[in-house]
Peer 1: 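Encoded as structure tokens, here's the structure I'll be asking about.
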Amino acid sequence: MYRSNNVAARIFSRQIATPPPGTSFHCARRFYENIVPNHTVYDVECPDHSFRKFTVDGQYLITFSRNHRDLIVYRPKWLSFSYKGDEIDMFQELPSSAQKFESFFNLIYSVSLASCNELICKDFFLYMESNRFGIFATSTAQIQDAPAVGGAVPGVPSIEKITFHLLRLEDGEILDVKVFVNDFVNLAHNTGVFLYDDLLAIVSLRYQIVHILQIRDSGHLVDVRAIGAFCREDDELFLNSSSQCVGVSERSRLLAGNVENGYHHNESNTDNSFLSGLKQRLLSFIFRRIWNEETDHRLRVQCLTKSFYFHFQDYVDLIIWKVQFLDRQHLLLKLGSVDGGVSRMADHHRAFFAVYDMETTEIVAFYQNSGDDLYLLFERFCNHFHAASRNSLCMNFISSHSNNIHAQEQLRSLKNKAASYSQFVKKMLVSLPFNCQSQSPSPYFDLSLFRYDEKLISATDRHRQSTDHPIKFILRRPPYSLRFKIKSGPEGGITDGRTKGISTFLFHPFLPLALSIQQTTYVHPSVINIHFRR
């Protein structure tokens, strides 16, 4: 049904008509078809910062200093200015005082996070909306050819020190820190860390441990469990007590034999002769699944030989790449080779997915990245893989192919264009597990309201290749008209011979306000444009 684009008519309709049950929030979001950012201030005078994102409640804008040592937090405010004269021309240019960054944002505070040789990871930030806590990370430089000692995985880089800082964003007070020494956590775009309600999962890629922490209301990071070598709290105690049954002379003889054969490790590695607890549970699940698929003993042995024993070493060599919470009890693990875990082009590597129950310490599901069974779940229940916090209402309305008909049509088009179904499945599952808080809840990315070129801009938090052409946002419903345009970079385009570089778009979660940041080279400052409703 055609709806008037007049906002007054929509307000009148809202007064006399009651929306169907359960749709009041969706009906309210339709007002964003009228309330759009219709004005742009190009190349705004602003501090030379690295802009990260708005918090999901819209209260803060997170930025970092250019030297990646200080956190600078701003609070958005609406532009206000005055004109001289009796008549106001809506098309009149804004006064120069209103075209500054300070006209749109108030500086709250600046706090130093990095110490000594550490730097802030500018692509990492997590926000706990219920307490307004922010989680930031600082680290030293990577050591690519670090030796694999103390049970570390060979081929994985090492970072001398990684520090996670828990801040109260209201005043910038550092409440607690968590330090990892000589470890490796993938911090880019929150890849190796996932926040669900008050639970925080941190993946140690180097030592293959999933650290589960709880963020208390008091602002303390409390260790809950560490999943990897051990799965239950008393596993290590049990193994240590069992090892005492081995005689001292027998242990000395074994050590001497290993040294004579040229196979020498430190004592911690000698004692740790078992597979990790998580790996044992994975192998056990794969074995039992194959065992239960056949009832005939002869066929059962053949299937085990072909599908389990033949690939046994491949399963043993798997390492955890990423982790996400599905709920407070279950984790979705992505596993693959060492090369894929440290490579930026992990899309081309074979990968597996496992669902782990933290309460029973069991693997409850195991899939290959080309498997049809996991893809069908992903297609029908995509929203469940986002695992949004229960306290965040706006995050539950991010468009996906399981809740939006237009996203379904795009998915169907990609499936029809794919060269093979198997490659299509791999391409779709490569994003799992989703990076935590990687999508913007802005209503202007709602596919039921607006249509736009997702190659140039989308709700996903990623850098985009800059373009000289403005990005158009077109109404999904009649009259299918152009509502507003967003353009990064200078108004007249780049004219000094520099390359276009990359662009980043930061949309406020509910206000008609957005920032476009164009970065050409590190030497030149970024070009910041502010798009707002005038």
Peer 1: Please check if the side chain of Thr55 supplies one atom and the backbone of Tyr60 the other of a donor-acceptor pair under 3.5 Å.
Peer 2: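 Yes; at least one donor-acceptor contact below 3.5 Å.
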Peer 1: Show the nearest heavy-atom pair for residues Leu200 and Phe325, with the distance to one decimal.
Peer 2: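 Heavy atoms of Leu200 and Phe325 come nearest at C-CE1, 4.2 Å.
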Peer 1: Are the side chains of His384 and Leu377 in contact, using a 4.5 Å heavy-atom criterion?
Peer 2: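 Sidechains of His384 and Leu377: no contact.
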Peer 1: Calculate, to the nearest 0.5 Å, the distance between atoms OG and CZ belonging to Ser158 and Phe180 respectively.
Peer 2: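 One gets 13.0 Å once the value is rounded to the nearest 0.5 Å.
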Peer 1: Minimum heavy-atom separation for Leu429 and Phe353, please, with both atom names.
Peer 2: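 Here Leu429 and Phe353 meet closest at O-CZ, 3.5 Å.
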Peer 1: Indicate the atoms forming the closest heavy-atom contact of His401 with Gln408, along with that distance.
Peer 2: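 Where His401 meets Gln408 most closely, the heavy atoms are O-CG, 2.8 Å.
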Peer 1: Hey, are Ser400 and Asn383 close enough side-chain-wise for a donor-acceptor pair under 3.5 Å?
Peer 2: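 Side-chain D/A pair, Asn383 to Ser400: present.
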Peer 1: Please report the closest heavy-atom contact between His349 and Asn369, naming both atoms and the distance.
Peer 2: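 That closest heavy-atom pairing would be O-ND2, 3.9 Å.
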Peer 1: Could you tell me the separation between the CG atom of Leu411 and the CD atom of Glu379, rounded to the nearest 0.5 Å?
Peer 2: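 Between Leu411 CG and Glu379 CD, I get 5.5 Å after rounding to 0.5 Å.
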Peer 1: Evaluate the criterion side chain to side chain contact (heavy atoms under 4.5 Å, CB included) for residue pair Phe445 and Glu454; output intermediate values, then yes/no.
Peer 2: CA-CA 10 Å; Phe445 292 122; Glu454 293 197 49; over 6 Å; no
Peer 1: Looking at side-chain heavy atoms only, is the closest gap between Glu173 and Leu175 below 4.5 Å?
Peer 2: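 Heavy-atom side-chain distance check passes, below 4.5 Å.
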Peer 1: Roughly how far, to the nearest 0.5 Å, is the CZ atom of Phe104 from the CG atom of Leu515?
Peer 2: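 The CZ atom of Phe104 is 9.5 Å from CG of Leu515, to the nearest 0.5 Å.
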Peer 1: Regarding Thr40 and Asn529, do their side chains bring together a donor and an acceptor under 3.5 Å, going by distance alone?
Peer 2: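 Side-chain D/A pair, Thr40 to Asn529: absent.
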Peer 1: Would you compute the distance between atom CZ of Phe381 and atom CG of Leu376 and round it to the nearest 0.5 angstrom?
Peer 2: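 Between Phe381 CZ and Leu376 CG, I get 10.0 Å after rounding to 0.5 Å.
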Peer 1: Donor-acceptor pair, distance only, cut-off 3.5 Å: does the side chain of Thr460 make one with the backbone of Arg462?
Peer 2: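 Not at all, since once roles are kept as given, no pair shorter than 3.5 Å links the two residues.
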Peer 1: If you look at every heavy atom in Pro490 and Val527, which pair is closest and at what distance?
Peer 2: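 Reported closest heavy-atom pair: N-CG1, 3.8 Å.
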Peer 1: So does Leu513 get a backbone contact from the side chain of Tyr444, meaning a donor-acceptor N/O pair under 3.5 Å?
Peer 2: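 Looks like no, no N/O pair under 3.5 Å.
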Peer 1: Test salt bridge (charged side-chain N to carboxylate O under 4.0 Å, His left out) on Arg30 and Asp446; report intermediate values, then the result.
Peer 2: CA-CA 10 Å; Arg30 291 173 185 162; Asp446 191 337; over 6 Å; no
Peer 1: Classify the angle between the aromatic ring planes of Phe510 and His508 as parallel (below 30°), tilted (30 to 60°) or perpendicular (above 60°).
Peer 2: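 Correct class here is perpendicular.
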Peer 1: Would you say Asn190's side chain and Cys436's backbone share a donor-acceptor pair under 3.5 angstrom?
Peer 2: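 Here the side-chain-to-backbone pair exists.
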Peer 1: Strictly distance-based, threshold 3.5 Å: is any side-chain N or O of Lys334 a donor or acceptor partner for the main-chain N or O of Lys322?
Peer 2: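 Between the backbone of Lys322 and the side chain of Lys334 there is no qualifying donor-acceptor contact (under 3.5 Å).
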Peer 1: Any side-chain donor-acceptor pair under 3.5 Å between Thr138 and Glu118?
Peer 2: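 A donor-acceptor contact under 3.5 Å links the two side chains.
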Peer 1: When rounded to the nearest 0.5 angstrom, what distance separates CG in Asp198 from CZ in Arg328?
Peer 2: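 Rounded to the nearest 0.5 Å, the CG-CZ separation comes out at 4.5 Å.
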Peer 1: State whether the side chain of Asn38 and the backbone N or O of Arg534 hold a donor-acceptor pair below 3.5 Å, judged by distance alone.
Peer 2: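 Present.
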Peer 1: Tell me whether the rings of Phe473 and Phe450 are parallel (<30°), tilted (30 to 60°) or perpendicular (>60°).
Peer 2: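 Judged by the thresholds at 30° and 60°, the geometry between Phe473 and Phe450 is perpendicular.
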Peer 1: So, applying ring-ring contact (aromatic ring centres under 6.0 Å, His included) with His386, which one of Phe194, Tyr196, Phe378, Phe434 is it?
Peer 2: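 Among Phe194, Tyr196, Phe378, Phe434, the one meeting ring-ring contact (aromatic ring centres under 6.0 Å, His included) with His386 is Phe434.
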Peer 1: Between the main-chain N or O of Glu33 and the side-chain N or O of Arg483, is there a donor-acceptor pair closer than 3.5 Å?
Peer 2: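 Between the backbone of Glu33 and the side chain of Arg483 there is a qualifying donor-acceptor contact (under 3.5 Å).
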Peer 1: Among side-chain atoms of Asp339 and Ser337, is any donor-acceptor pair under 3.5 angstrom?
Peer 2: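 Side-chain D/A pair, Asp339 to Ser337: absent.
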Peer 1: Specify the closest pair of heavy atoms between Ala114 and Ser112, including all atoms of both residues, with the distance to one decimal.
Peer 2: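 Reported closest heavy-atom pair: O-OG, 3.6 Å.
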Peer 1: Do the side chain of Ser399 and the main chain of Asn404 share a donor and acceptor less than 3.5 angstrom apart?
Peer 2: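 No, because the side chain of Ser399 does not come within donor-acceptor range (under 3.5 Å) of the backbone of Asn404.
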Peer 1: May I ask you to check whether Ser516 and His531 show a side-chain donor-acceptor distance below 3.5 Å?
Peer 2: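 Distance-only check passes for Ser516 and His531.
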Peer 1: Under 4.0 Å between a side-chain nitrogen and a carboxylate oxygen: does that hold for Asp461 and Arg52?
Peer 2: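 Arg52 and Asp461: salt-bridged.
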Peer 1: Can you tell me how far apart NE2 (His165) and CD1 (Ile135) are? Round to the nearest 0.5 Å.
Peer 2: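 Separation between the atoms: 12.0 Å.
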